[in-house]
Asker: 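Sharing a structure, written as structure tokens. Questions coming.
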Protein chains: 2
Amino acid sequence: METRELRYFVAVAEESHVGRAAERLGIAQPPLSRAIAQLERRLGAQLFTRTPQGMTLTSAGETLLREGRAALAAVEAAERRTRRAVAAAGRAPVVLTAKAGASSELMAKLLDAYAAEPGAVDVDVVLSPPGHQALMLRDGRADVAILHRPFDDLSGFDVEQLLVEEQVLILPAGHPLSSATSLTVEEASSVPDLPLPRWPHLDGSYPDGPGPELRDLTQVLQLVRLGRTAIMLPDSARANLRDGLAVVPLSDAPQVTTVIAWPPHSTSPGVAGLVRTATRL
Amino acid sequence: METRELRYFVAVAEESHVGRAAERLGIAQPPLSRAIAQLERRLGAQLFTRTPQGMTLTSAGETLLREGRAALAAVEAAERRTRRAVAAAGRAPVVLTAKAGASSELMAKLLDAYAAEPGAVDVDVVLSPPGHQALMLRDGRADVAILHRPFDDLSGFDVEQLLVEEQVLILPAGHPLSSATSLTVEEASSVPDLPLPRWPHLDGSYPDGPGPELRDLTQVLQLVRLGRTAIMLPDSARANLRDGLAVVPLSDAPQVTTVIAWPPHSTSPGVAGLVRTATRL
DNA sequence: TGGCGTCATACCCCTGCGGTATCGACCCGC
DNA sequence: GCGGGTCGATACCGCAGGGGTATGACGCCA
């Protein structure tokens, strides 16, 4: 199977529509139809069921979509890391990715400590939207990432645990619940005048619901202060809070674990150094 | 980058020789030379240094070899799992791979317990040479594997720990050391009349050394009985021992952990059932 | 220095990918 | 029930590029 075929397949699977997929790929519709038919013939598997409304995946197709995305990411990673290895000459900057606006204190400590190490290489910090860190690590755009259990998918990475925290609810100061000594997730989710905000999926779309659509943390804290929403955050978020906000511990929310993650078999000395420094914090 | 290019590159890297690689690939030498040159141009990276003796990898080339092999395994896995998904219809047999001759007691218990579960699917057991289990899991030839820390490379897999054991030295009954109550690895390795056996690498070649070349466990036990070698094994190997063999605990050998491993994001109900059963043993 | 081994280049052929035009099937509104 | 608007599939053509053979350039060794 060639990566071109996989890319074509993934495009059609994602669009559920040959015409749109062809447009996205920059080719005409007929060759794409033909390529998919040929792929199905070669695999001996029906990948789509054709309907008058477009194409829907069969279960074999779903397998190929899942596995094929991982395979494409691996190929892209190989290409990117090779490109970077050439620029490298051994002392290329390490690309570290983290969630914008999270773990800033920990990150600052880590970067300072690492920079003080003998032989430290430059660290490019790439702040990306929530959930994108793992993707960037998988496709080679980043060398190392700060991720959060249980939110990020850590499968396939080597990780070192850095921090375990309880979660708290941040709500407007003066709200009736703000004087509670502790709340459950159930209670926090069902306050009618404080709907929890909605975060975008990986593709940029938003789940349905009553809460505001949000992209970053400063936004949400402002809205909390205005009494429009409340939010569950790891305990370390307290450090960044200003006036107008109240904090209530959540008794039954899952603990949040902050980890540093890197692709298995990484040979970058920069990654090794960062990880070593991180585990000593 | 197309998988064809990657396959060509890996062949040349492994053979260090365009002609031999071309033969292995079933094409002529000139197109292969051209393909490599084109790949280097497109990546903007020198992958090989040309010598009159052949091609040797640059450091960028080593990066691409490592990453490229993983990528190719991922593509092959996608293809195999899709092929198997079509035959599937939901109740395809699960392929479990394990080291020939190891963990047989544990495996028997696992297979029996799983077969007794409601809704259990068939399990194809593939016994493969030491070290091949992880490869089979990576390229989709197997769905789940029994692996051993620290010998197997578990990176990139989800695992559940099944068993932790100390290691012991197996030597001929009556050997002077057989009456020792405990030995160090150092001591066990330096007995002049009992050189430790050599196991094949993944490519089938053997490391240099004085000990006998071996492929499987019954062979080695026979040679131990004949006083030609000794071997370090996990404690559970005692169960299979017959007369003529002595066992001495090793005080400083690393513990051996037996795990059940599967590819992340596996959706196979058979794998899930096996893992669930295994963790309850 | 000639012979042998390496990989690179030159040139040709033909497969197979992508393009345009068109078809067949289905859904919908009237 | 019939035309128009969706789909994806098919037919056909042109050409880029991958693969073939023949040969060259270069370093090593006897």
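Values in this document were obtained by computation on a predicted structure and should not be read as measured data. Chain A is the first sequence line, chain B the second, and so forth, proteins listed ahead of strands; every chain is numbered from 1.
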Asker: Can you sort out which residues in residues 1-22 of chain B have a heavy atom within less than 4.0 Å of DNA chain C? Ascending by number, please.
Answerer: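 Nucleic-acid contacts, sorted: His17(B), Val18(B), Gly19(B).
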
Asker: Would you give the length of the straight line joining atom CG of Leu223(B) to atom CG of Leu194(B), rounded to the nearest 0.5 angstrom?
Answerer: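 Reported to 0.5 Å precision, the distance equals 11.0 Å.
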
Asker: Mind running side chain to side chain donor-acceptor pair (under 3.5 Å) on Thr49(B) and Thr58(B) for me, showing each step along the way?
Answerer: CA-CA 6 Å; Thr49(B) 55; Thr58(B) 62; over 6 Å; no

Asker: In residues 40-59 of chain A, what residues come within less than 4.0 Å of DNA chain C, judged by heavy atoms?
Answerer: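 Nucleic-acid contacts, sorted: Pro52(A), Gln53(A).
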
Asker: Does Gln38(A) place a side-chain N or O at less than 4.0 Å from the phosphate oxygens OP1/OP2 of dG16(C)?
Answerer: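 Result: no.
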
Asker: Would you say Ser33(B) places a side-chain N or O within less than 4.0 Å of OP1 or OP2 belonging to dC7(C)?
Answerer: no

Asker: Going by heavy atoms closer than 4.0 Å, what residues in residues 24-31 of chain A are next to DNA chain C?
Answerer: Gly26(A), Ile27(A), Ala28(A), Pro30(A), Pro31(A)

Asker: Can you tell me how far P of dG17(D) sits from CZ of Arg34(B), to the nearest Å?
Answerer: 11 Å

Asker: If you measure only the distance, is there a donor-acceptor pair under 3.5 Å linking the side chains of Thr3(A) and Thr3(B)?
Answerer: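 The criterion, which ignores hydrogens and geometry beyond distance, is not satisfied for Thr3(B) and Thr3(A).
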
Asker: Per the side-chain contact (heavy atoms from CB on, under 4.5 Å) rule, which among Val10(B), Leu43(B), Leu39(B) passes with Glu5(B)?
Answerer: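 Single pass found, and it is Leu39(B).
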
Asker: Give a yes or no on whether the backbone of Arg20(A) and the side-chain of His17(A) come within a donor-acceptor separation of less than 3.5 Å.
Answerer: yes

Asker: Measure CD1/Ile36(A) against P/dT10(D) and give the value in whole Å, please.
Answerer: 14 Å

Asker: Establish, for the pair Arg4(B) and Tyr8(B), whether the NZ or CZ atom is under 6.0 angstrom from the six-membered ring centre and no further than 45 degrees off its axis.
Answerer: yes

Asker: Drop me the distance from Ile36(B)'s CD1 to Leu47(B)'s CG, to the nearest 0.5 angstrom.
Answerer: 7.5 Å

Asker: Could you tell me if His265(B) and Asp158(B) have a donor-acceptor pair between their side chains, going purely by distance under 3.5 Å?
Answerer: no

Asker: Any Lys/Arg nitrogen of Glu79(B) or Arg83(B) sitting under 4.0 Å from an Asp/Glu carboxylate oxygen of the other?
Answerer: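 Yes.
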
Asker: Among side-chain atoms of Gln29(B) and Ser33(B), is any donor-acceptor pair under 3.5 angstrom?
Answerer: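 Looking only at side-chain atoms, Ser33(B) and Gln29(B) do form a donor-acceptor pair, the distance falling under 3.5 Å.
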
